[in-house]
> 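I have a structure here, written as structure tokens, and I will follow up with some questions on it.
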Amino acid sequence: MTLSNKAGVASGQRLTATRLTGAFGALALPLLALALASPAEARIKCVNGNQIVNGVPLATPYCQDELVAIVARERGVKVSANEIRNNPNLKRNVCQHVGRDNRIYMACIDANSVGRRPF
């Protein structure tokens with residue numbers, strides 16, 4: 001079975017069905033692979049107040065605030081990490097309440113810096 005290409009094929013040249021199918025398959029396979037690929041995860045991954053960057057833990061304020069919120073919720077304070085990030089006075093109040101916990105001591109140093117008093 002042969003199909004003639006009416007647009008731009010010189011007389012004597014014919015495209016066979018297998019060549020057309022092969023060309024379509026070569027184009028369709030990469031497109032199918034792109035469609036089935038899973039999307040990249042764009043979420044920041046925090047472990048114990050440290051952001052994981054290329055497999056290495058790095059202390060960042062974003063993750064430290066998340067850890068402060070986690071510890072505060074364990075101690076009974078109803079607060080989210082987003083609230084702590086956006087409200088420095090709330091962070092100071094939470095740190096005064098639960099700041100002696102060793103897990104968040106470093107995260108609360110800036111919020112509790114009042115002269116030479118620790119808290």
> Can you confirm whether I52 sits close enough to C46 that some side-chain heavy atom of one is under 4.5 Å from a side-chain heavy atom of the other?
no
> Taking all atoms of both residues into account, what is the closest heavy-atom pair of K45 and C63, and its distance?
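Distance-wise, the nearest heavy atoms are O-SG, 4.4 Å.
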> Kindly write out the residues that satisfy side-chain hydrogen bond (donor to acceptor under 3.5 Å, both in side chains) with N89, not counting sequence neighbours, or none if the list is empty.
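Residues passing side-chain hydrogen bond (donor to acceptor under 3.5 Å, both in side chains) with N89: R92.
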> Honestly, is R85 close enough over Y62, meaning NZ or CZ under 6.0 Å from the six-membered ring centre and within 45° of the axis?
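Judged by the rule, R85 and Y62 form a cation-pi pair.
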> Quick one: name the residues clustered hydrophobically with L58, using the 4.5 Å side-chain heavy-atom rule over I, L, V, M, F, W, Y, and just say none if it's on its own.
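L58 shares its hydrophobic cluster with V53.
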> Say you draw a straight line from CD1 of I109 to CD1 of I104; how long is it, rounded to the nearest 0.5 Å?
11.5 Å
> Could you list the donor-acceptor pairs under 3.5 angstrom formed between side-chain atoms of residues 67-83 and any protein atom two or more places apart in sequence or on another chain?
from : atom 1 : to   : atom 2 : distance (Å)
R73  : NH1    : V79  : O      : 3.0
E74  : OE1    : R103 : NH1    : 3.1
E74  : OE1    : R103 : NH2    : 2.9
R75  : NH2    : D101 : OD2    : 2.9
S80  : OG     : E83  : N      : 3.2
N82  : OD1    : N86  : ND2    : 3.2
E83  : OE1    : S80  : N      : 3.0

> Roughly how far, to the nearest 0.5 Å, is the CG atom of N87 from the CG atom of N93?
8.0 Å
> In Å and rounded to the nearest 0.5 Å, what is the CG to CD distance from N50 to E66?
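Nearest 0.5 Å value for the CG-CD distance: 11.5 Å.
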